[in-house]
Every structure is written in structure tokens, then in C-alpha cells.
Student: 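Just dropping this structure here.
Bear in mind the structure is a predicted one, so any value in this text is a computation, not a measurement. The sequence lines fix the lettering, A, B, ..., with proteins before strands; numbering per chain opens at 1.
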There are 2 protein chains.
Amino acid sequence: MTKVTIREVAAEAGVSVATVSRALRGLPSVSPATRARVEQVAANLEYVPDPYASRLASSRAHTILVAVPVPGQWYYAQVVTGVEAVASDAGSDLQLHVVGDDAQRRRFIEDILPGSRRVDGAILVDIPLSPADAAELTGRGVRIVAVGQHTEGVVSVGIDNRQAATDATQLLLELGHTRIGLLGGMPTGRSDLSIPGMREIGFRDALEAAGLRVDEDLITNGNFSIDGGDDAATHLLSLREPPTALFALSDEMAVGAMGAARRLGIDVPGQLCIVGFDGHEFSGAIGLTTVRQPVVELGASAAQALLDAVNGKPWNEDKVLAHELVERDTTGRRG
Amino acid sequence: MTKVTIREVAAEAGVSVATVSRALRGLPSVSPATRARVEQVAANLEYVPDPYASRLASSRAHTILVAVPVPGQWYYAQVVTGVEAVASDAGSDLQLHVVGDDAQRRRFIEDILPGSRRVDGAILVDIPLSPADAAELTGRGVRIVAVGQHTEGVVSVGIDNRQAATDATQLLLELGHTRIGLLGGMPTGRSDLSIPGMREIGFRDALEAAGLRVDEDLITNGNFSIDGGDDAATHLLSLREPPTALFALSDEMAVGAMGAARRLGIDVPGQLCIVGFDGHEFSGAIGLTTVRQPVVELGASAAQALLDAVNGKPWNEDKVLAHELVERDTTGRRG
DNA sequence: CTGTTAGCGCATTCAT
DNA sequence: ATGAATGCGCTAACAG
């Protein structure tokens, strides 16, 4: 009922509040005996430091903020999981922010983030950030780490999206496909810097390397959603010359495409091969060939980068984690 | 760079800090003229109140905490999404905590939650809470709302799990199945109060109502995971007298079961019908019949309940949202 | 309607 | 190694 404060602990232990503070935080200059006594008393009184008071008094917030566009989407949920694990290990709280539309984005960048000591830093997952905004924020002392989306002047953690897309496309090419449909998505801003953009480039790379011309009609927008993938696939499959394979830039779209194929009575992989992207938890069970990326580790690394920066050891270069092409039923080697 | 404080705003606007505080928070006793001026100055100076200072000084944290066992699991991610939406609408931050194993659970209940003013309240999603702990916490002024898991003395938001399971089982019965396997999970604590427990009871209800005896050998533990569902299904399907239908208490397990069936060359729904539970985003695309529950709304309602409690209007009874049986391919009406 | 006076609970100098 | 003093930035009575 009564919120025990550091003062009562001090009184009870017969020392000053300063000593209690030092003892409980494991600072060096405290005699073992005193420390033991203080810890004992604190335990008895069930003393729990008020985080807000300590955040106000010190400069560390012991809180790391993570912003994602759609917290319910598998990929983001996994990244958040990774961040949480590292954060909680380090004794930091995790504040989750949703930055979906552009209005939220502006509010987030202008109002939330600048509140300097609110948090130790922020992890932006696929949140577009202009170099100007980035400079402005870091100038204000806001530590930022990006996951996926790369921004000038901000450390980022991700995979080699371009290469990963090339790998996936090459598998399809090896299987003999020459008409490959692409289920991509919303190219916001400079496409050569966005994730979808990089993947699309990788896709084109592979085709060109194989001496094939890219048929722009086969490049569609699946909106990174199941329904979008379904729609896009339905469209592609109804063309006069439909593709014999689809490369979806997310497993959600790939699943949508699988659904479309099933509805249209098109056999997968007999008549249509499909490759997804992400390594969604369901991909194995439904036999979806996909490019697996280390999602949880992505978040964990980002969190670590942030913590390191907080501790004065900022990373000086981006971290690129390994991806892996996982071949499964939807690209069953055609007999 | 320079953190603008309320003092500078006050100075610049020629009023006291108290007035600035009142003006900016929209409190009644401030003249329109003064308020306008203060707001103007605050905007110019790009003043952003320090949340920790205000939390320390006031009694509201403007933070709502949400605890889930596995943040990366679809169901939890959806609930969190719902909570976030309502929280951010109300201007509150969202603090995410993972409470997986029992050690985390104890630490959470004993150390995190009791920090009274740390948060306005907590939403526990499927976190077992003993009536004793609940009483202790509420006694300390910690507001709690439960999602799913019901605990004596704590308002909860959920669906009628028992009825939902009965509905699902009845569909299978109507289709003529008499040997139905159950993919359930870890009965932690009193099973008749846990979600899996309630669903299992609903399952038994339906069988008994149909005059069928429950074959305990068909009741398995799928651990609420894809792999667990696969294993459990594999086991069931290898019995001398295998079930002709499976009822999985989560879509993850159902998908695992679908994978197992595919691997074993068992046609679904021809030789085996499957019903899942949750209404996972992928269920539609893969044709999985399932019991859909309003996941996002679950979180949103819980958040609303918490906010209402904070505002002195605590709910006096649990909220039961509607579920819906969605019939799809995996229970294709057999010709 | 507005200004003054006190803290909120803790982390930090600076002494000792 | 420890204590006393000061302030983090804001809200909350209490006056006026």
C-alpha cells in the first residue's frame, strides 16, 4: 500500500539516501558490510526504486523505444520480440510505438522522438526517415538505429535484400522458368533505398544476368498483404501469357498467391512455382519456398547496437545478417 | 540540443510555470488570450514536456503496460495491436513486457507491477494470476485487466471459449465424424479456468451431447505451436484407429496438423477434416476452417477497460465478445 | 484567472 | 567509504 521510498530504506538501514542509492546500484564505493545491510533492508521493505524519479534525476531512461508500421504483422512482431529480449536482459523497458501512416510518422518524428531523455534511444523498423530528419534528431541527441530501411547517417541492421532477391529469382531460373511474376509493393520514396526497391532490383539483376528481358507487365503491387498477393496473383494468372512462376516479396503475398492458385485450380508447383520472402512461421507447414531472414536476431542486434551506443560504444557501420533460401514444395523440382 | 523546459516557456510568455502547465494541458482556469500566447510560445520554442517529470509530479503515468507470454505469436501480436490503438488514442504510451516462463512471471508480479505509479495499469494477456496475487496487487493500487485468462477479482475480456469449442466440435459431428482428435495444450494450473481447459470442456460437452464417449487417447498436447501440432497429429494419425477429424485449439497447431497430413499423404478434407481456432490471418488463404475470435478488439476492449478504470469508471463485469465459426476447405462438406 | 510555495523520489556533486 | 546539499522538470495546493 505505502510506496516505500529510498528515504525509509536509508533510515531503517541507518545510512544516508546517497549510500542506499549507491549500494543498490552496485556502485564501487560502498563497503561490503554496508551494502549487504542496505540490500537486506531494501528486500525486507520490498523497496522498488521509482523509475520516473531516477530517470528524472539521471540522464538514462532505461527505456528503449521501438517503432513499427504494423505491430500485428509477423515480421514486425518477430523483430519486436528480438528487441524485447535484449532490452529486458539489459534491464530496460520496451516502449512500443506504431507509425503507420504519414501523419503518425510526422508526429512521431517531431513530437515523440525529440523528447530527448524520454528514452535511451529508438529503433525504427521500416520507418522512412529523411537524412535531414535523421541529422536533426541525432543532433538533438536522440540515438537511433534502423532495421531494414536504411537511412544516411543512421546505423542500420538488415540483410542484403538485393542479393537475397537475386538468390530467390535464380532458383526459379534454374528450374527453367522464364516468365516470372513479381509480387512487390508500395514504392514509397526513393525505391532504390527501400526494402521493396532493393528486392526488385535484385530480381531484375537475376533476370538480366540470365539474359532475359524484364516484362514490366509481370511486376505487380501486392501491397505486402495476403489479399494484395491474392489479387496480384489472380491478375497475373489471368494474362494471355501468364507467368509460370511467382516471386513474392513477402510470405504473406506468397500465401495470398497460393490461395489464388488454389481457387483457380492451378496446381502448385505443377503449373506454378512460388517463392516467398521472410521465412514466416507458417512457411514450413504449408511447404512454401522462401528466403528466410533472421527476424528475431534483426531486432536483437538493433537493440544491442542501441545499448552499445548508450554505453559510449556506437557502431561505426551497418550490420548485415545472413539470409537463407529455403527450398520447399512450392518450387518442387519439376519432374 | 537544448532541452527546452517549462520555465523558459514561462519566461518567454511572461507568465508563471504553473500557468504554462495549465494552459498546455487544457485546464479550465486559463484565459483564452493567455492560453493562446502560451501555446504560441511553446510551439516556437518547440517545447515538449518531459513525461518523467510530469509522471513524478502527478499520479498518472500515461503509460499502460501489456504483458504477453510470446509477443511474436500471432494472437498476442494482434491483441497488442488493439491495446496500442486505444492507448495511443488516449495519449498513453505502451510498455510491452514478456512474461513467458514462471520465473519471469514471479519477477513481473513481484517487482514490476507493484511499482505503483510506474504505469496507469496493466493488461495481462494469458498470464496466470492467483486470486491471492490479484488481491495483493489491486490492494496496492495496481489496476489490472485480464485478456483471455480469467482470474477472480480481476475484470477480464474474452470470448466464450467453452461455447466456441462446442460449436467447432459440433460442426465436425454434423459432418459425420465420430472419432475426433483434439490438439490441445499445457494445462497449467486449474484447467477448468484456463483457456485450453475451457475449450477442452466445450469439446467434451459437444461429444457428450451427441451421445459419444470421449476417447482419452485422442486428446493430445500440441503445445499451441506448429511443430507441436504436427507431432500430435502425426501421432494421432498413426494410431490403429486414427481419428477422421482433428480439432486444434489454435490455428498454429491446425497448420502443423495440415503439414503432417500432407507429409503422410492424407487428403484434407477427403480423409481428414481439420478445424482450428483463432482466425489466424493465414487461415483464409490456406482454406482452414476455424473459430475466429475478435483478437484486435480483445486488446482494444481491455485497454478501454483500463482507461475507464483510471478515469474512475471501473467495469463491474467481464466482457464477452462474440466468436464466429468460419467454415472453409478443411471441413469441405463431404460429398 | 494567475503567481508562490512545496514537494514528487532519486542521482549527484562536493565535502568529509 | 559516507553524508549533506542541490536540482532534474513538472504538478499541485494555496493564496491572491
Student: Please check the phosphate of C:dC1 (OP1 and OP2 only) for any side-chain N or O of B:Ser29 closer than 4.0 Å.
Tutor: no

Student: So what is the 5' to 3' dot-bracket string for DNA chain C, if pairs are Watson-Crick or G-U wobble with both distances under 3.5 Å, crossing pairs use [ ] and | means the partner sits on another strand?
Tutor: ||||.|||||||||||

Student: For B:Ser92, enumerate each residue passing the side-chain hydrogen bond (donor to acceptor under 3.5 Å, both in side chains) test, keeping only those at least two apart in sequence or located in another chain.
Tutor: none

Student: Report which part of the nucleic acid B:Val15 touches: base, sugar-phosphate, or nothing (heavy-atom distance under 4.0 Å, all strands).
Tutor: sugar-phosphate

Student: Find the distance A:Glu8:CD to C:dG9:P and express it as a whole number of Å.
Tutor: 9 Å

Student: Quickly work out the B:Leu24 CG to C:dT2 P distance and round it to whole Å.
Tutor: 14 Å

Student: Nearest to the side chain of B:Thr5, which nucleotide is it out of C:dT2, C:dG9, D:dG9?
Tutor: D:dG9

Student: Which letter, B, S or -, goes with each nucleotide of nucleotides 11-16 of chain C from 5' to 3', with contact meaning a protein heavy atom under 4.0 Å?
Tutor: SB----

Student: I'd like to know if B:Asp93 pairs up with B:Arg55 as an ion pair, taking the criterion as any Lys NZ or Arg NE/NH1/NH2 lying under 4.0 Å from an Asp or Glu carboxylate oxygen.
Tutor: yes

Student: Starting at atom CG of B:Asp50, determine the distance to atom P of C:dC10, rounded to an integer number of angstrom.
Tutor: 17 Å

Student: Whole-Å distance between C:dC10 P and A:His62 NE2?
Tutor: 13 Å

Student: Between D:dT2 and A:Arg35, is there an OP1 or OP2 to side-chain N/O distance shorter than 4.0 Å?
Tutor: no

Student: Could you list the residues that satisfy side-chain hydrogen bond (donor to acceptor under 3.5 Å, both in side chains) with B:Glu39, not counting sequence neighbours?
Tutor: none

Student: Listed by chain and number, what are the side-chain hydrogen bond (donor to acceptor under 3.5 Å, both in side chains) partners of B:Ser301, not counting sequence neighbours?
Tutor: none

Student: Choose from D:dG9, D:dA1, C:dT2 the nucleotide whose nearest atom is closest to any side-chain atom of B:Ser31.
Tutor: C:dT2

Student: Within this structure, what is the CZ-to-P distance between B:Arg60 and D:dT11, rounded to whole angstrom?
Tutor: 13 Å

Student: Are the side chain of B:Asp318 and the backbone of B:Ser156 linked by a donor-acceptor contact shorter than 3.5 Å?
Tutor: yes

Student: Which residues pass the salt bridge (Lys or Arg N to Asp or Glu O under 4.0 Å) test with B:Arg106, not counting sequence neighbours?
Tutor: B:Glu110

Student: Of all the nucleotides listed (D:dC10, D:dC8, C:dC8), which has the minimum atom distance to the side chain of A:Leu56?
Tutor: D:dC8

Student: Scan residues 64-88 of chain A for pairs that pass ring-ring contact (aromatic ring centres under 6.0 Å, His included), counting only residues two or more places apart or in two chains.
Tutor: A:Trp74-A:His280

Student: I'd like to check the ring pair (Phe, Tyr, Trp, His ring centres under 6.0 Å) partners of B:His97; sequence neighbours left out, ordered by chain and number.
Tutor: B:Phe108

Student: Kindly write out the residues that satisfy side-chain hydrogen bond (donor to acceptor under 3.5 Å, both in side chains) with B:Gln104, not counting sequence neighbours, or none if the list is empty.
Tutor: none

Student: Is any side-chain nitrogen or oxygen of A:Thr34 closer than 4.0 Å to OP1 or OP2 of D:dT2?
Tutor: yes

